[in-house]
Amino acid sequence: MGELSSRTPRRAAVLAVVALAMAVSGACTRDGSGQETAPAATAHKSTPSEESSKPTDRAEHIEGETVTEAPKVVDGELITSVKDARGNRTVPLEGGVRSGPVSIAVNCQGEGTLKVELRPVGLDFPLECVDGEVSSTYNQIALKKAREDAVLQVTAGSGVRWALSVGQ
């Protein structure tokens, strides 16, 4: 992929994440439980933090992301979003999810690990959160059948702030 434009670094980074997610989505497999799984995709960019003058080499950091607003839906229409949350939460997906791609964008900040699980699909992924800057990830899975009872389970320590969006 080409060099990121200085005028639209966030958009270019998001597009890079989408391209990476699409590239790995072909690697979806079924585990022994018969549930669909997909590898996690994260943005790969090294930029200075807004809250620190030190550059970061963390793959999960995208300049300009926040936890006070839900991340933009990268693919499809918004199903649900949560902003400025703390700790554990079950996020219902009203009406469930249809067959086809489901995307989840997550931002977090604070010391600890945030885990997101899409139930009953079996997709789950962690995100390492740090003090002083926002960590971000984007994951997508292609579902073969609709799930009317789909929910997200977010597990995070009380010191971790987070935001997420789900699109389909």
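These numbers were taken from a predicted model, which means no experiment stands behind them.
Judged purely by atom type and a 3.5 angstrom limit, Asn139 has no side-chain atom pairing as donor or acceptor with the backbone of Ile104. A donor-acceptor pair is defined here as one N or O able to donate and one able to accept, closer than 3.5 Å; such a pair exists between the side chain of Ser135 and the backbone of Glu128.
Between atom CG of residue Asp124 and atom CZ of residue Arg119 there is a gap of 9.5 Å, rounded to the nearest 0.5 Å. Note that the CG atom of Asn107 and the OG atom of Ser165 stand 8.5 Å from one another [nearest 0.5 Å]. Expressed to the nearest 0.5 Å, how far CD of Glu148 lies from CZ of Arg98 amounts to 13.0 Å. Between the OG atom in Ser99 and the CD atom in Gln168 there is a gap of 7.5 Å [rounded to 0.5 Å]. If you take CD on Glu65 and OG1 on Thr137, they are separated by 11.0 Å, rounding to the nearest 0.5 Å. To the nearest 0.5 angstrom, Arg161 atom CZ is 6.0 Å from Gln109 atom CD.
Considering only heavy atoms from C-beta on, Ser103 comes within 4.5 Å of Tyr138 through its side chain. In this structure, Val116 and Leu152 have side chains that are in contact, with non-hydrogen atoms separated by less than 4.5 Å. Contact annotation: the side chain of Val82 approaches that of Arg89 to within less than 4.5 Å [non-hydrogen atoms, C-beta and beyond]. Counting only heavy atoms from C-beta outward, the side chains of Thr80 and Val166 approach each other to under 4.5 Å. Using a 4.5 Å cut-off on side-chain heavy atoms (C-beta onward), Val97 and Ile79 make contact. Residues Leu164 and Val154 have side chains in contact (heavy-atom distance under 4.5 Å, counting atoms from C-beta outward).
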Run the side-chain contact (heavy atoms from CB on, under 4.5 Å) check on Val102 and Leu143 step by step: do they pass? CA-CA 7 Å; Val102 176; Leu143 300 178; 3.7 Å; yes
Please evaluate residues Asp84 and Thr66 with respect to the criterion side-chain contact (heavy atoms from CB on, under 4.5 Å), reporting the C-alpha separation (whole Å), side-chain torsions for both, the decisive distance (0.1 Å), and the verdict. CA-CA 9 Å; Asp84 207 13; Thr66 180; over 6 Å; no
Report the C-alpha distance between Arg147 and Val121 in whole Å, list the side-chain angles of each, state the deciding distance to 0.1 Å, and finish with yes or no for side-chain contact (heavy atoms from CB on, under 4.5 Å). CA-CA 8 Å; Arg147 306 290 179 127; Val121 174; 4.0 Å; yes
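In plain terms, the two heavy atoms of Ser81 and Ala70 that are nearest each other are CB-CB, 3.6 Å. The nearest pair of heavy atoms linking Val160 to Cys108 is CG1-CB, 4.1 Å. Val67 and Ala163 get closest at one heavy-atom pair: O-CB, 3.5 Å.
Side-chain polar atoms of Asp75 and Gln140 form a donor-acceptor pair below 3.5 angstrom.
Each of Val106, Leu114, Leu118 was checked for a side chain to side chain contact (heavy atoms under 4.5 Å, CB included) with Phe125, and the lone residue meeting it is Val106.
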